[in-house]
Amino acid sequence: MRIATNTKDQLILDHAPWLIGAFLILMVVAFLAIGIRLSAIGQWIAALAFICGAGLPGLTLYLVVARVQVVFDRNSGVVELRRRSYQGFETRQLPLGQIQRADLETSTFKDRDQKVSRTHRPVLVLADGTTQPLLLAYSNASDQSELVDAVNDWLSPPPGASGSGSRESH
């Protein structure tokens with residue numbers, strides 16, 4: 001996730017997984033091409049295996065790859081979470097005053113050798129104590145704490161706002 005716009009009135013975060021999407025499409029096309037070529041030379045069982053094998057990257061593309069945009073708008077007093085995928089378009093709005101801060105949610109995993117790995121995802125902490133993930137997936141990307149810091153900086157009242165902003169203090 002990256003910062004697309006950062007002004008005093010608007011902060012836009014954007015996550016567009018073009019590389020993984022392109023790689024999955026390339027895998028589907030390659031498996032189908034090999035399957036069609038094998039069927040053309042009479043290797044029906046191998047052709048069927050490759051054509052069916054295109055289903056896994058195709059299903060992953062359908063279920064996992066999504067463009068996410070989070071728009072913090074001081075003028076309208078809302079945060080809009082937008083998600084566009086092959087399954088459709090979803091949008092959710094949250095009142096800006098309900099957001100206390102941004103944070104990193106961590107998932108810890110131990111493998112067979114008890115080696116610990118941690119992945120993170122940015123979340124919004126709401127006034128009622130619940131969290132709203134900005135991304136569904138966890139990642140080990142190193143720039144996520146910078147993103148959280150940028151959101152928290154933007155959520156702070158702008159200079160000279162002395163309590164006139166749309167964000168409630170708690």
Side-chain angles (χ1 to χ4, degrees), residues 1-30 56-111 115-161 164-170:
M1 188 164 255
R2 68 179 184 84
I3 299 169
T5 302
N6 190 355
T7 67
K8 68 179 182 76
D9 292 327
Q10 198 172 59
L11 174 67
I12 300 175
L13 309 177
D14 189 50
H15 174 72
W18 301 118
L19 188 60
I20 188 82
F23 178 72
L24 289 169
I25 289 170
L26 184 64
M27 284 182 64
V28 169
V29 170
L56 185 59
L59 185 63
T60 303
L61 182 69
Y62 179 78
L63 294 175
V64 176
V65 176
R67 180 175 185 208
V68 177
Q69 215 176 31
V70 183
V71 180
F72 296 80
D73 192 338
R74 221 180 285 283
N75 294 329
S76 66
V78 298
V79 175
E80 186 173 19
L81 297 109
R82 304 171 184 161
R83 185 175 194 274
R84 180 176 305 279
S85 69
Y86 288 100
Q87 300 175 47
F89 181 74
E90 300 171 35
T91 185
R92 179 169 183 209
Q93 289 190 345
L94 301 169
L96 196 53
Q98 291 295 312
I99 298 170
Q100 290 194 325
R101 69 184 186 286
D103 206 350
L104 279 181
E105 193 172 72
T106 301
S107 176
T108 304
F109 174 76
K110 284 186 182 179
D111 65 11
K115 183 179 175 186
V116 176
S117 67
R118 290 182 176 82
T119 54
H120 313 279
R121 69 177 175 184
V123 297
L124 298 176
V125 179
L126 306 179
D128 64 2
T130 61
T131 58
Q132 171 63 53
L134 301 182
L135 295 172
L136 297 178
Y138 289 83
S139 167
N140 61 354
S142 60
D143 60 347
Q144 292 187 40
S145 60
E146 295 169 11
L147 182 82
V148 167
D149 290 342
V151 170
N152 286 329
D153 289 345
W154 189 89
L155 287 172
S156 300
S164 64
S166 61
R167 194 160 176 264
E168 298 170 6
S169 298
H170 293 283

Test item: [X] and [Y] side chains (from C-beta on) under 4.5 Å apart, heavy atoms:
| X | Y | result |
| --- | --- | --- |
| L124 | V79 | yes |
| V78 | L96 | no |
| V28 | L24 | no |
| Y138 | E105 | yes |

Enter the distance from [X]:[atom1] to [Y]:[atom2] here, rounded to the nearest 0.5 Å.
| X | Y | atom1 | atom2 | result |
| --- | --- | --- | --- | --- |
| L11 | R74 | CG | CZ | 9.0 Å |
| L134 | R83 | CG | CZ | 13.0 Å |
| D153 | N6 | CG | CG | 8.5 Å |
| S145 | H120 | OG | NE2 | 8.5 Å |
| R118 | L104 | CZ | CG | 13.0 Å |

**Request:** Go through the structure and list residues passing side chain to side chain contact (heavy atoms under 4.5 Å, CB included) with I12, not counting sequence neighbours.
**Result:** A4, T5, Q10, Q69, V71
Considering all heavy atoms, the nearest [X]-[Y] contact:
| X | Y | result |
| --- | --- | --- |
| Q144 | S139 | NE2-CB, 3.3 Å |
| A137 | R121 | O-CB, 3.6 Å |
| F72 | L13 | CE1-CD1, 3.8 Å |

**Prompt:** Any sub-3.5 Å donor-acceptor pair from N152's side-chain atoms to A102's backbone N or O?
**Reply:**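 Pair found, side chain donor or acceptor close to backbone of A102.
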**Residue pair T130 / D128, side-chain donor-acceptor N/O under 3.5 Å** = yes
**Item:** salt_bridge(E90, R92) N-O dist < 4.0 Å
**Value:** no
